[in-house]
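As structure tokens, the structure follows; a few thoughts come after it.
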Amino acid sequence: MEGAPQNKTLHLLEKSAAALIFVCLAFWLIVLYTDVYAFALTGAIYEMLWLPMLLVPIFLPPAIIAIWARRKFVRKSAWPYLLAMSIGLVLFLLSRQI
């Protein structure tokens, strides 16, 4: 029973990382394909979020690798898939030249 809280934390980390990847991808897709300055509110939201959403793809892959390394690179976990998704996000942003 001692491992139960750690497993709960692990699932929370996996879900948080996946949500962060999807939120970042959604943000950049919206920014790329819409006029964010069409309304003052959307422009203000964009101006507040562009730097954090630019830093997420930079710092998330090393964080995922570090967490996965602490888990001894278990293949039957979500970490390899999260790493692939975060690298895909970085490649998408680089290909779009944001």
Side-chain angles (χ1 to χ4, degrees):
M1 285 290 181
E2 292 178 19
Q6 184 179 6
N7 287 338
K8 198 175 225 183
T9 305
L10 181 62
H11 292 302
L12 182 63
L13 278 173
E14 290 172 346
K15 289 178 183 178
S16 299
L20 198 56
I21 292 168
F22 286 121
V23 166
C24 188
L25 179 63
F27 175 81
W28 286 114
L29 286 174
I30 290 168
V31 166
L32 286 172
Y33 296 112
T34 61
D35 181 19
V36 293
Y37 292 113
F39 301 102
L41 181 64
T42 58
I45 291 171
Y46 168 72
E47 289 294 330
M48 287 189 296
L49 292 178
W50 74 269
L51 184 59
M53 291 299 156
L54 195 60
L55 294 177
V56 164
I58 294 170
F59 291 113
L60 196 59
I64 289 172
I65 291 171
I67 293 170
W68 191 28
R70 281 192 295 176
R71 305 292 181 223
K72 308 224 185 323
F73 294 105
V74 176
R75 290 185 187 174
K76 292 184 179 183
S77 67
W79 296 112
Y81 302 108
L82 291 171
L83 181 62
M85 289 179 1
S86 64
I87 290 172
L89 176 63
V90 169
L91 292 176
F92 170 74
L93 292 176
L94 289 175
S95 71
R96 300 302 299 177
Q97 298 178 357
I98 294 178

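Quick caveat: nothing in here was measured; it's all calculated off a predicted structure.
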Sequence neighbours left out, what passes side chain to side chain contact (heavy atoms under 4.5 Å, CB included) with Leu82? Give chain and number order. Glu14, Ala17, Ala18, Ile21, Ile64, Ala78, Trp79, Met85

Got a second to check how far Leu13's CG is from Leu20's CG, nearest 0.5 Å? 11.5 Å

Are the side chains of Ser86 and Pro57 in touch, meaning some heavy atoms are under 4.5 Å apart? no

Using side chain to side chain contact (heavy atoms under 4.5 Å, CB included) as the criterion, list what pairs up with Ile87, not counting sequence neighbours. Leu83, Leu91

Residues in side chain to side chain contact (heavy atoms under 4.5 Å, CB included) with Tyr81, at least two apart? none

If you define the side chain from C-beta out and look only at heavy atoms, does anything of Val23 sit under 4.5 Å from Met53? yes

Would you indicate whether the side-chain heavy atoms of Val56 and Phe27 approach each other to under 4.5 Å? no

Nearest 0.5 Å, what's the CH2-CG distance between Trp28 and Leu89? 10.0 Å

So, using side chain to side chain contact (heavy atoms under 4.5 Å, CB included) as the criterion, who are the partners of Pro62 when residues are at least two apart? none

Hits for ring pair (Phe, Tyr, Trp, His ring centres under 6.0 Å) against Phe73, two or more places apart or cross-chain, chain-then-number order -> Trp68

Distance col, row Ser77:OG vs His11:NE2, nearest 0.5 angstrom, shows 10.5 Å

Got a sec, which pairs hit side-chain hydrogen bond (donor to acceptor under 3.5 Å, both in side chains) with one end in residues 32-46, sequence neighbours left out? Tyr37-Glu47

